[in-house]
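Report on the structure given below.
Each ligand, and each atom within it, is numbered from 1 in the order the structure gives.
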Amino acid sequence: MLTMSAPLLITVAPTGAETAKADCPQLPTTLEELVATAKECRAAGAAMIHVHIRDDEHRPTLDGTRLKDTVDALRSETDLVVQLSTGGSVHDPLESRLKVLDAAPDSCSLTMGTTNFGDDVFLNPWPFICDLYQLSQEREVVPEFELFDLGHVHALSRLLAKFGLPYGGKVHVDLVMGVPGGMPGTADALVAAVAALPAEVTSWGATGIGRSTLSVGLASLAKGGHLRVGMEDVLTLAKGVPVESNAQLVERAVAMGELAQRTPMTPDQARALLNTRPL
Ligand code: KMH
Ligand code: ZN
């Protein structure tokens, strides 16, 4: 488990699948915008990027060619660890979500159970989780287990017991908190989730959706965890103050980490932490 002085992994989730470009023109939705954002966030202190992509109309897509082009562009323009979302949008079929691994990212998100997601349902049936996990092992892609609820913590133990450790042998978790339908974005919920993590977990971080971003970030630091920030998760810096760029959120995460005497990890350190496939 991490200590308070351990280097801090900051992951940026710059786009997501939920916000419309029309409502938020500063959201990076084109490949050019995504690469520019990635470079700014790397300079600000991020070591990993969690990627959702959009089509020419700025709508969420899991198009295979676009995903591959995105991975290639991020690899050639930055040294960030590239994590592709396999969650996609709530409308994406499970089959398309499995195909995300064809783009050969370093890491992929892997959500450990179905959750209500606002008015929608984010579907992650157990057989899909098992298929995606085994595919990640076969393709040598390191999963980041996304836990939206306490039940997902238990499901992770069950998955590891059934199929063994991920590719690379490290088990990295992100607690996604404050989704309407998932566990609340509170320090109490974070402490409960961390206490229940399986012994195999080698690193964990947390992200708080919306206004829970600060309480979750601070609670994660207080417990020695890592941080994920970005416009996928929050669009305001404070009530009525819109986020202007993802780099602003990374800068704030760095500042929060400094207070906890944590120095941002480099991408190389993040690769060692997660034991991703050699480039
Ligand atoms: N967009 C959400 C439905 C992930 O990236 O794996 C799912 C999500 C999780 O964002
Ligand atoms: Zn995501």
Which residue and non-hydrogen atom of the protein lie closest to atom 7 (C) of ligand 1, and at what distance in Å?
-> Phe122 CZ, 3.4 Å
At what distance is the nearest protein heavy atom to atom 6 (O) of ligand 1, and which residue and atom is it?
->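 The closest heavy atom on the protein side is Ser109 OG, 2.6 Å.
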If we only count heavy atoms from C-beta on, is the Trp204 to His172 side-chain gap below 4.5 Å?
->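 Side chain of Trp204 against side chain of His172, heavy atoms only: no contact under 4.5 Å found.
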Taking the side chain as every heavy atom from C-beta outward, state whether Ser212 and Thr186 have any pair of such atoms under 4.5 Å apart.
-> no
Which distance, rounded to the nearest 0.5 Å, do you find between the CE of Met256 and the CG of Leu227?
->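 One gets 5.5 Å once the value is rounded to the nearest 0.5 Å.
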With atoms numbered from 1 as shown, which atoms in ligand 1 lie under 4.0 angstrom from a non-hydrogen atom of [X]?
| X | value |
| --- | --- |
| Ser85 | 4 (C), 5 (O), 6 (O) |
| Glu146 | 4 (C), 6 (O), 9 (C) |
| Glu232 | 10 (O) |
| Glu18 | 1 (N), 2 (C), 3 (C) |
| Gly87 | 4 (C), 6 (O) |

Could you label the plane-to-plane angle of the Phe148 and Phe117 rings as parallel, tilted or perpendicular, counting under 30° as parallel and over 60° as perpendicular?
->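 Tilted.
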Is Met112 reachable from Phe122 through a run of hydrophobic residues whose side-chain heavy atoms are each under 4.5 Å from the next?
->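 They do not share one cluster, since no chain of ILVMFWY contacts under 4.5 Å joins Phe122 to Met112.
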The atom name of the N, O or S atom in His50 nearest to the Zn ion (ligand 2) is NE2
So which N/O/S atom does His52 have closest to the Zn ion (ligand 2)?
-> NE2
Hey, does the side chain of Gln137 reach the backbone of Phe163 with a donor-acceptor pair shorter than 3.5 angstrom?
->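 Checked: pair present.
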Does the Thr86 side chain pair with the main chain of Ser109, one donor and one acceptor, at a distance under 3.5 Å?
->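 Flag set: sc Thr86 to bb Ser109 pair under 3.5 Å.
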Does the ring centre of Phe145 sit less than 6.0 Å away from the ring centre of Tyr133?
-> yes
The Zn ion (ligand 2) reached by Glu232 (N, O or S, under 2.8 Å) = yes
Ligand 1 contact by Gly88, heavy-atom criterion under 4.0 angstrom =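 The answer is yes: ligand 1 sits under 4.0 Å from a heavy atom of Gly88.
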